[in-house]
Amino acid sequence: MVKGLIKGVGMLGFVVVVVGATAGIGVAVGLGNTVVLAGLTALFCFIAATGGPLRSDLVLLACYAPLVVAGVAGPRLLGAVSDVAAIALLTVVVFVAALLPALGSRFVTVGLGLGMASVFGYGFQLTGTASAGQIIGAPALAVGVAIVLRLLLGVGDPGKPTREALADALAGGGQDTAERAVRLWLADRPRKWQTRLLGAGVRARATAAILDDRRRALGEDQAGALRTILDAADAELAVLADAVRAKDAPDHLPAAERPDPGAGLPGETRRLVDELWSGVDAVRDAVLTRDESVVDIPRAAVRAALRHEAEGALSWRSAQLRHAVRCAIGMLLALVVARFRPGDPLTVSFLMTTFAVLQPEWRDTLSKAWQRVGGALGGAVVLALVLWLLPPGVLLPLALVALLAGFPLMRSRPTVFNGCMVLMSVGVNSATKHLDARTLLVEYVLLMVLAVVIALLFGFAAVPGVRKPSLAERFAEAVDTTRALLTEVAGALDGAPRGRLAPRFRAAARAQQDLRAPEPGSKPPEPGQQAALDAAAEGLRGLAASAGALLLRGGPTPMAGFTSTAALALGGAPITAPDVPLDEEQRLVADTVIADVLRVRHAAPALAG
C-alpha cells in the first residue's frame, strides 16, 4: 500500500503539472472559461497516448488529435444549434471509443481517453459564454500540450519503453510480455540488434518450454538434471535482460556457469539443450554488439493485422461490437436524462460515472458499480457529519483536502477515491455557486445511483438471439478457428487459391475477442482460470498475427510445412523449429509461432474442462 501511495502522490504531482500548464497557456492565449476543459482534456490525451516508444506515441497523438477535437468540441458546438444533434454525435463518439479496444490492448487507454474527454467536454458547465474558437481551441491546445510533454519526457531516451519490454520478455515476465515486446518493437523502427534479440529470446524461451514439457516424462534423475539446466538458462537470461534495460551496451558480460547435461538425457532432448544454449548465446551477442541499423519490416504486416482485428470486430457475433452498442445506448439514455437538467453542476459527474461503469466484461461492470456506489455512500455519510458538526465555511477547504488526499488512492483504493470525490464535488459547487450543500449532496447520491442503474441495465442487457457460450466452448471455438486459419495459410503458401483467407481471419479475430470479452451474464472464469485465459488469448492472437506476416512474403515458401505443423500442434501434436534453412525474418516468425502454440497448449487443461 505504501508503494501505491507513493506512486499516487507522484501521479497527483503529474496531474497538477499537466492541468496547470495547459490552463496557464490557455489563459495566456485567451481561451477564457474553457481553460479547465483544456487542462483536463490534456490529461486524458496524455494518459491515452503514452506507454510506448517516443516515436510511436507521437504518431498516435498526431492521429488522435482530430478525434479528440471533434469529440470534445463537436457536441458542444452542435448543442448551440440542436440538442438532439449534439446527443447523436456524442453517442457516435462513445460507440467508436468503446469499439477501439478491439484493435488491441494498446487501444484500451486510447478508447477510454477519447470517451472520457468527449463526455467531460459535453457535460462540463461553462461559467459564462465561450466562442466557437475557444471551444475548438481548448481540445486543440490540450493535444498540443500532450505532444510537447511527451516529447520532453522521452527525448532523453526515446527507446527506453521498447528496451524495457524486450527485457521483460527475455526475463520471462507475465503472459502478455512477449506480445507487448513485439508490439513496441514493431512500433519503434526495429533495430537489427533488437530483432536478433527478440528472435533469439523467443527461440530460447520456446525451447525451454519444450524441454520443460519433456522433463515431466523423464525419470527422476534425468528430470532433476534437466531442471538444473533450465534454472541456469533462466538465470543467464535474467542477467542479459538487465543489460538490455541499460541505455548503452555493456563492455563485457561475465559468462555464466552452464551445467553439464551428462550422458543420461535422450538424444533429442540433448539436441534441444544445445538449441537452448545456442539461443542464449545469440541473445548475448545481440546485447553486446547492439547493431543500431534499421530492419526493413513491411509496414503492411501491421496494417493487415489491424485490418483483420477491425473486420473481426465489425460483426454482430463480435462481443466487442455488442459492448459498443450497449455502451452507446446506455450513454444515450444518460444524455437524455441530462438534457432535462440544463445547468446542473453535477451533470459531468453523472455522465462520466455512467461511461466509467460500462465495461466490456460484466464482472468489471459490477466491480466499477460497487466502487462508485460504495464510495458515494461513504463520502455522503462523512459529508453529512461535517454539515451537522462544522460551519459551512469549512466546505471549500475540506473539498481541496479531499482532492489531495483521494487522488493518490485512485488506483489502489478506488472506493475511497470516489468517496473523496463526493466531498470535492459537493464542497466546491456549494461554495462557488452558493448552493445548499444538503440538497446538493442528496442530488449527487441519487445521480450516482441512477448512473450505476443505467450502466448495469445496459451492461447486462442480453442481445436477442445471442446465446452465452461457456468458457470451454469459447476456448474451443477460438482454437478451432485459429487452427483453420493456419491450415488455410499453409495451403496459400504452397500456392493454393487465397479466396477463403479473409473469412478465416475475420472468424479467428472474432473468436479471439469473444474469448476475453464474453456476452454479459456469462459465467466468469474460476480464480485459477484467469491467468490461463490471458495466456491463451495472447497466444491465439499472436498466431493470427504471425499468419498474416507469413502471407506477406508471397509465393511458395519453406514455411508452408511448418505452418501446417503448427495447426496440428494446437491439437497436441509435437512442434519444433523447421529443419530447412530460414532467413532472419522467417526464423523470428517460426520462433514466435512455437512460443504461442505452447502458451495455448499449456493453458488448455485449465480452460477445456
Side-chain angles (χ1 to χ4, degrees), residues 41 44-45 48-49 60 63-79 82-123 139 306-307 309-339 347-348 350-362 364-365 368 451 454-464 466 506 509-510 513-514 516-520:
T41 302
F44 293 135
C45 290
L60 181 57
C63 298
Y64 192 45
L67 280 175
V68 172
V69 174
V72 175
R76 180 168 286 280
L77 291 176
L78 271 180
S82 169
D83 286 342
V84 174
I87 290 174
L89 177 58
L90 185 54
T91 302
V92 172
V93 172
V94 168
F95 171 79
V96 172
L99 195 60
L100 281 176
L103 299 178
S105 58
R106 179 67 181 92
F107 292 88
V108 172
T109 54
V110 174
L112 179 64
L114 175 62
M116 297 294 276
S118 301
V119 171
F120 180 84
Y122 179 83
L306 290 176
R307 185 179 71 253
E309 292 286 352
E311 290 173 349
L314 295 176
S315 162
W316 190 242
R317 295 187 62 193
S318 166
Q320 190 69 44
L321 176 64
R322 296 195 295 271
H323 162 68
V325 170
R326 284 192 297 268
C327 193
I329 295 175
M331 282 304 303
L332 175 61
L333 178 57
L335 290 167
V336 171
V337 172
R339 184 170 181 262
T347 293
V348 66
F350 168 63
L351 293 177
M352 294 188 74
T353 295
T354 305
F355 180 78
V357 174
L358 279 164
Q359 298 290 315
E361 297 187 39
W362 66 270
D364 293 335
T365 297
K368 294 283 186 182
I454 292 174
L456 289 178
L457 173 64
F458 289 96
F460 281 96
V463 178
V466 177
R506 287 195 295 269
R510 176 192 52 76
Q513 291 163 12
D514 289 352
R516 268 188 168 171
E519 185 69 18

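A quick note: this is a predicted structure, and the numbers were derived from the prediction, not measured. We're numbering straight along the sequence, starting at 1.
- Across every non-hydrogen atom of Pro139 and Ala73, the tightest pair is CG-CB, 4.2 Å.
- Taking all atoms of both residues into account, the shortest heavy-atom contact from Pro75 to Ala86 is O-CB, 3.1 Å.
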Next item on the list: Let me see the working for Thr347 and Tyr122 under side-chain contact (heavy atoms from CB on, under 4.5 Å), right down to the final yes or no.
Entry: CA-CA 9 Å; Thr347 293; Tyr122 179 83; 5.8 Å; no
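- Shown here for Ala328 and Phe95, the closest heavy-atom pair between the two residues is CB-CB, 3.9 Å.
- The heavy-atom pair separating Ala117 from Thr41 by the smallest distance is CB-CG2, 4.2 Å.
- Remark: Leu78 CG to Ile87 CD1 distance equals 11.0 Å, nearest 0.5 Å.
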Notebook entry, point to check: Leu90 and Ser118: side-chain contact (heavy atoms from CB on, under 4.5 Å), yes or no, with the steps?
Noted result: CA-CA 7 Å; Leu90 185 54; Ser118 301; 3.7 Å; yes
Check: Step by step, would you call Phe44 with Val119 a side-chain contact (heavy atoms from CB on, under 4.5 Å)?
Finding: CA-CA 11 Å; Phe44 293 135; Val119 171; over 6 Å; no
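- For the atom pair Leu114 CG and Tyr64 OH, the distance stands at 5.0 Å (nearest 0.5 Å).
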Next item on the list: Please step through side-chain contact (heavy atoms from CB on, under 4.5 Å) for the pair Met331 and Thr354, ending with a clear verdict.
Entry: CA-CA 7 Å; Met331 282 304 303; Thr354 305; 3.8 Å; yes
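- The distance from the CZ atom of Phe355 to the CD1 atom of Ile454 is 14.5 Å, given to the nearest 0.5 Å.
- Between Cys327 and Val94, the shortest heavy-atom distance links the atoms SG-CG1, 3.8 Å.
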